[in-house]
Amino acid sequence: MRKLILLVTITILFGLFSTAFGHVEAVEISSEIVAYPDHATMEVRVPIRELIQSEQPPDVQEPPNFDQEPNAVAKKHGDEVARAFHVSYDATALQAKLSSILIRQIVIGVSEDDVAPRACAIYTMEFTSPQSIAPPKRVVMTQDLFRLPPDAGFEQTVLCAINFRQSYETAFRSILLGHDENLTVQTEWPTVASQASASANIPASPVVTSSGGPLLVAVIAGIILIGLVVVIFRQRA
């Protein structure tokens with residue numbers, strides 16, 4: 001009986017962790033955000049190879065044609081990128097407008113091992129409000145680039161290395177943002193007279209919140225199942 005219980009537990013745990021870790025593809029991009037009192041600017045860097053890969057249907061096993069002209073690929077995905085990034089000032093959702101597209105060889109820098117330059121599309125966007133707004137006390141950003149449909153057969157997450165600063169600051173704060181996560185920054189806006197001293201102060205750390213995912217579910221379920229097995233074995237000992 002003990003062997004049966006152990007076998008069932010292992011099978012369930014394997015299934016849970018396969019769901020959490022298996023068939024997951026990660027796309028690495030980066031962005032730079034500067035928040036002004038009444039608008040924000042953003043530069044998004046996406047590898048050309050990832051843009052081409054995103055055109056491939058999930059059920060097609062053959063590799064895509066990576067020998068496409070980079071400028072044409074970047075322009076083709078411009079509107080998609082602009083729709084995928086969202087910035088809010090307090091309760092006001094800002095509207096994104098794509099202003100330029102460039103091609104450069106850059107390092108994305110999601111991890112310390114990511115040191116090789118890649119051909120990337122550089123999308124510059126401006127986020128504005130249709131009506132007059134006060135300087136925000138909170139800036140929130142989300143992104144859902146390359147999100148796959150639920151029936152794709154595998155999961156894909158986009159890891160975005162973000163550099164954020166307010167317009168009066170000289171140093172960026174670095175954050176890693178994934179799907180289903182919100183980047184929230186509490187902001188203060190000094191007067192013109194106090195901007196010099198305010199720039200020297202250490203800004204509040206951004207907060208990244210998540211709506212959860214398969215990894216969290218697997219970990220919690222795994223802990224519960226292991227606890228049940230321990231209890232059963234103790235009762236039978």
Side-chain angles (χ1 to χ4, degrees), residues 27-47 50-51 74-75 77-111 114 117-118 120-145 158-179 181-209:
V27 177
E28 298 178 347
I29 64 176
S30 67
S31 69
E32 185 175 289
I33 309 170
V34 180
Y36 294 83
D38 61 349
H39 71 284
T41 61
M42 183 185 299
E43 186 177 278
V44 179
R45 302 115 179 200
V46 186
E50 299 294 356
L51 291 172
K75 291 180 180 179
H77 291 271
D79 291 339
E80 176 188 0
V81 173
R83 289 193 302 267
F85 288 82
H86 316 278
V87 177
S88 296
Y89 275 18
D90 295 326
T92 302
L94 304 186
Q95 297 178 356
K97 180 181 179 181
L98 183 62
S99 56
S100 69
I101 304 175
L102 298 174
I103 304 296
R104 292 178 187 166
Q105 291 281 339
I106 65 169
V107 175
I108 294 295
V110 169
S111 64
D114 183 12
R118 292 184 258 179
C120 292
I122 313 297
Y123 298 95
T124 301
M125 296 180 285
E126 185 174 12
F127 291 81
T128 59
S129 172
Q131 68 270 357
S132 178
I133 56 174
K137 296 181 180 180
R138 184 182 65 173
V139 176
V140 179
M141 178 195 155
T142 60
Q143 61 87 10
D144 54 10
L145 186 63
V158 175
L159 299 177
C160 185
I162 298 175
N163 288 320
F164 175 92
R165 71 176 177 88
Q166 292 177 241
S167 56
Y168 69 89
E169 298 172 341
T170 57
F172 283 95
R173 290 164 268 178
S174 298
I175 314 100
L176 189 62
L177 188 69
H179 278 164
E181 292 181 334
N182 297 329
L183 167 64
T184 302
V185 183
Q186 303 297 330
T187 55
E188 294 182 359
W189 300 95
T191 62
V192 174
S194 62
Q195 280 192 9
S197 60
S199 298
N201 294 333
I202 300 175
S205 298
V207 176
V208 175
T209 57

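Positions are given from 1 along the sequence. Predicted model only: the values in this text are computed from it and were never measured. Just the heavy atoms: all of them, side chains too, but no hydrogens, waters or symmetry mates, feed the values below.
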Query - Distance in Å, Phe172 CZ paired with Gln166 CD, rounded so as to fall on 0.5 Å steps - result: 12.0 Å

**Report entry** From CG (Leu176) to OG (Ser30), nearest 0.5 Å
**Finding:** 11.0 Å

Query raised in the report: From Arg118 CZ over to Ile29 CD1, what is the distance, rounded to the nearest 0.5 angstrom?
Result: 10.5 Å

Requested in this report: May I ask you to test the His86-Asp144 pair for a side-chain heavy-atom distance under 4.5 Å?
Outcome: yes

Query raised in the report: Any donor-acceptor pair under 3.5 Å linking the side chain of Glu50 with the backbone of Pro47?
Result: no

Query raised in the report: Is there a side-chain contact between Pro135 and Thr187 (heavy atoms, below 4.5 Å)?
Result: no

Query raised in the report: If you take all heavy atoms of Lys75 and Ile101, which pair is closest and at what distance?
Result: CA-CD1, 3.9 Å

Requested in this report: Can you measure from CG (Leu102) to CD (Glu43) and round to the nearest 0.5 angstrom?
Outcome: 8.0 Å

Query raised in the report: Looking only at heavy atoms, what is the nearest atom pair of Gln186 and Lys137, with distance?
Result: OE1-O, 3.3 Å

Query raised in the report: Can you name the closest pair of heavy atoms from Val139 and Ala35 and give their distance?
Result: CG2-CB, 4.5 Å

Query raised in the report: side chain to side chain donor-acceptor pair (under 3.5 Å) with Glu188: which residues, sequence neighbours excluded?
Result: none

Query - CD1-CZ distance between Ile33 and Phe85, expressed to the nearest 0.5 angstrom - result: 8.5 Å

**Report entry** Contact check, side chains of Pro117 and Ile106, non-hydrogen atoms, under 4.5 Å
**Finding:** no

**Report entry** Ala121 to Ile103 - nearest heavy-atom pair and separation
**Finding:** CA-CD1, 4.0 Å

Report summary line: For Ala74 and Tyr123 the tightest heavy-atom approach is O-OH, 2.7 Å

Query raised in the report: Which pairs pass side chain to side chain donor-acceptor pair (under 3.5 Å) with one or both residues in residues 87-107, sequence neighbours excluded?
Result: Ser100-Thr124

Report task. Taking Gln143 for its side chain and Leu145 for its backbone only, find out whether a donor-acceptor pair lies under 3.5 Å. Result -> yes

Query raised in the report: What's the spacing between His39 NE2 and Ile133 CD1 if we round to 0.5 Å?
Result: 10.0 Å

Requested in this report: Locate the shortest heavy-atom distance separating Met42 from Ser31; write the atom from each residue and the value.
Outcome: CG-CB, 4.4 Å

Requested in this report: For residues Val81 and Leu98, determine if any side-chain heavy atom of one lies less than 4.5 Å from a side-chain heavy atom of the other.
Outcome: no

**Report entry** Salt bridge present between Glu32 and Arg45 (N-O < 4.0 angstrom)
**Finding:** yes

